[in-house]
Amino acid sequence: MDLKLSGNFYTRGVHTVAKELLGKLLVRGIKGSILSGIIVEVEAYDGSIDEAAHTFRGRTARNEVMYQKGGVLYVYFTYGMHYCCNVVTGKGNEGKAVLIRAIEPVQGIARMCINRFSKEEITQKEYTNLTNGPAKVCKALGIGRKENGTVLTGQEIYIIDRSVPSGEEIGVSKRIGIKKSVDLPWRYYIKDNRFVSKK
DNA sequence: CCACGGATTGGCT
DNA sequence: GCCAATCCGTGGA
């Protein structure tokens with residue numbers, strides 16, 4: 001039976017949570033319908049030692065949510081046009097979170113196509129392009145500024161436990177798109193999955 | 001297939 | 001004023 005992850009899943013270490021999020025189902029309940037996808041790529045951010053984390057230089061209005069107790073969503077706006085979402089981890093006041101970089105669409109795919117491309121009929125290329133990047137995930141699932149701070153044990157956004165199919169391997173690499181702390185091997189992904197943004 | 005650059009807002013130095 | 005945890009279109013190989 002599928003079960004929503006409870007608060008104590010998220011209050012653990014950021015790398016433990018990051019790795020365990022792979023293979024689980026991210027669910028977006030919106031206007032009575034369900035959009036969902038399997039998490040296939042994540043990155044860990046740890047403000048205590050990681051210059052690329054938004055919390056590295058301490059508390060600001062923008063990163064406030066990242067200091068909350070694990071189990072809330074930290075959504076930030078970047079490059080003047082994109083939103084990206086993170087799962088906050090830890091016992092509180094830690095400034096650590098896991099960036100959701102890619103999902104494999106499961107439910108509500110037609111809705112996701114409309115959210116991303118403003119049409120329901122898409123090509124194979126566009127299908128691969130639907131949710132293979134952090135801002136694409138947010139666009140497809142309808143996650144934006146209003147969702148910042150959303151509690152993951154509610155009805156709007158939550159994650160369902162799901163056993164990872166045998167044979168799937170986890171890859172580890174440096175993170176993507178950052179200019180500081182570039183060598184930390186804090187990106188985790190499911191090998192050979194079509195929706196992983198980069199090998 | 002790969003490399004490059006433009007888009008466009010807001011947070012911080 | 002600078003520049004970002006990105007995406008997409010363009011142009012060349």
Side-chain angles (χ1 to χ4, degrees), chain A residues 10 13-15 17-19 21-22 26 37 39-68 70 72-90 94-105 112-119 122-150 152 157 171-190 192-199:
Chain A
Y10 302 102
V14 68
H15 296 283
V17 174
K19 284 178 261 193
L21 279 174
L22 292 175
L26 175 62
I39 298 169
V40 299
E41 180 183 353
V42 299
E43 284 177 359
Y45 287 86
D46 175 352
S48 67
I49 52 173
D50 169 14
E51 290 193 70
H54 290 167
T55 47
F56 184 70
R57 288 177 177 78
R59 254 177 216 273
T60 67
R62 179 204 198 192
N63 63 30
E64 181 63 31
V65 169
M66 231 177 122
Y67 284 98
Q68 290 185 26
V72 298
L73 200 70
Y74 168 53
V75 182
Y76 67 86
F77 179 71
T78 191
Y79 291 103
M81 60 186 89
H82 299 302
Y83 291 96
C84 298
C85 70
N86 303 246
V87 170
V88 175
T89 71
E94 295 186 19
K96 304 179 188 181
V98 178
L99 172 68
I100 307 294
R101 284 196 59 88
I103 65 174
E104 176 179 331
M112 291 189 210
C113 293
I114 292 170
N115 289 346
R116 284 273 294 129
F117 305 116
S118 302
K119 60 182 182 181
I122 60 170
T123 64
Q124 282 297 305
K125 199 168 185 174
E126 285 170 324
Y127 180 62
T128 302
N129 221 358
L130 198 52
T131 52
N132 64 341
K136 300 176 190 179
V137 169
C138 284
K139 190 89 190 294
L141 296 182
I143 292 173
R145 192 184 306 275
K146 289 191 301 294
E147 283 68 38
N148 188 31
T150 302
L152 295 172
I157 302 168
V172 179
S173 79
K174 295 175 184 179
R175 295 174 295 180
I176 293 176
I178 53 172
K179 295 222 169 106
K180 302 167 196 162
S181 299
V182 292
D183 289 328
L184 295 172
W186 288 1
R187 172 174 175 255
Y188 308 101
Y189 58 97
I190 295 179
D192 301 321
N193 186 281
R194 172 180 186 175
F195 293 91
V196 167
S197 63
K198 195 175 160 220
K199 298 282 172 182

field: Pairwise 5' ranking along DNA chain C for A:F117 and A:I178, keeping only the more 5' one
entry: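 Nearer the 5' end of the strand: A:I178.
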field: Residue mapping more 5' on DNA chain C - nearest nucleotide basis, A:K180 or A:V137
entry: A:K180
- prompt: Does a donor on one side chain sit under 3.5 Å from an acceptor on the other, for A:N129 and A:K125?
  reply: no
task: For A:A135, report the nucleic acid contact type (base, sugar-phosphate, nothing); a contact means any heavy atom under 4.0 Å.
output: sugar-phosphate
- prompt: Which part of the nucleic acid does A:R116 contact within heavy-atom distance under 4.0 Å: base, sugar-phosphate only, or nothing?
  reply: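 Answer is sugar-phosphate: A:R116 comes under 4.0 Å of backbone atoms only.
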For [N], does either OP1 or OP2 sit under 4.0 Å from a side-chain N or O belonging to [X]?
X: A:K179; N: C:dA4; value: yes
X: A:T78; N: B:dT9; value: no
X: A:R101; N: C:dT6; value: yes
X: A:K136; N: C:dC8; value: yes
X: A:R59; N: B:dG11; value: no

For the side chain of [X], counting heavy atoms from C-beta on, which of [options] is nearest?
X: A:L99; options: B:dG11, C:dA5, B:dT13; answer: C:dA5
X: A:H82; options: B:dG11, B:dA7, C:dC7; answer: C:dC7
X: A:R145; options: B:dG10, C:dT6, B:dA7; answer: B:dG10

Ring centroid separation A:Y76 to A:H54 under 6.0 Å: yes
- prompt: Hey, would you say the A:F195 and A:Y127 ring centroids sit under 6.0 Å apart?
  reply: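 Yes - the distance between ring centres of A:F195 and A:Y127 falls below the 6.0 Å cut-off.
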statement: Whichever of A:N63 and A:G80 has the more 5' nearest nucleotide on DNA chain B, that residue is A:G80
- prompt: Quick one: do A:R101 and A:E41 make a salt bridge, cutoff under 4.0 Å?
  reply: yes
- prompt: Is any N or O donor-acceptor pair between the side chain of A:Y79 and the base of B:dA7 shorter than 3.5 Å?
  reply: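 There is none.
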query: Does the side-chain ring of A:F77 lie flat on the base of B:dG10, meaning centres under 5.5 Å and planes less than 30 degrees apart?
result: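 Here A:F77 fails the 5.5 Å or the 30° condition.
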- prompt: Is there a Watson-Crick or G-U wobble partner for C:dG9 with both distances under 3.5 Å, and if so, which one is it?
  reply: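 When the pairing criteria are applied, B:dC4 turns out to be the nucleotide that pairs with C:dG9.
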message: For A:M66, run the side-chain contact (heavy atoms from CB on, under 4.5 Å) check against A:T89, A:T55, A:T60 and tell me which one passes.
response: A:T55
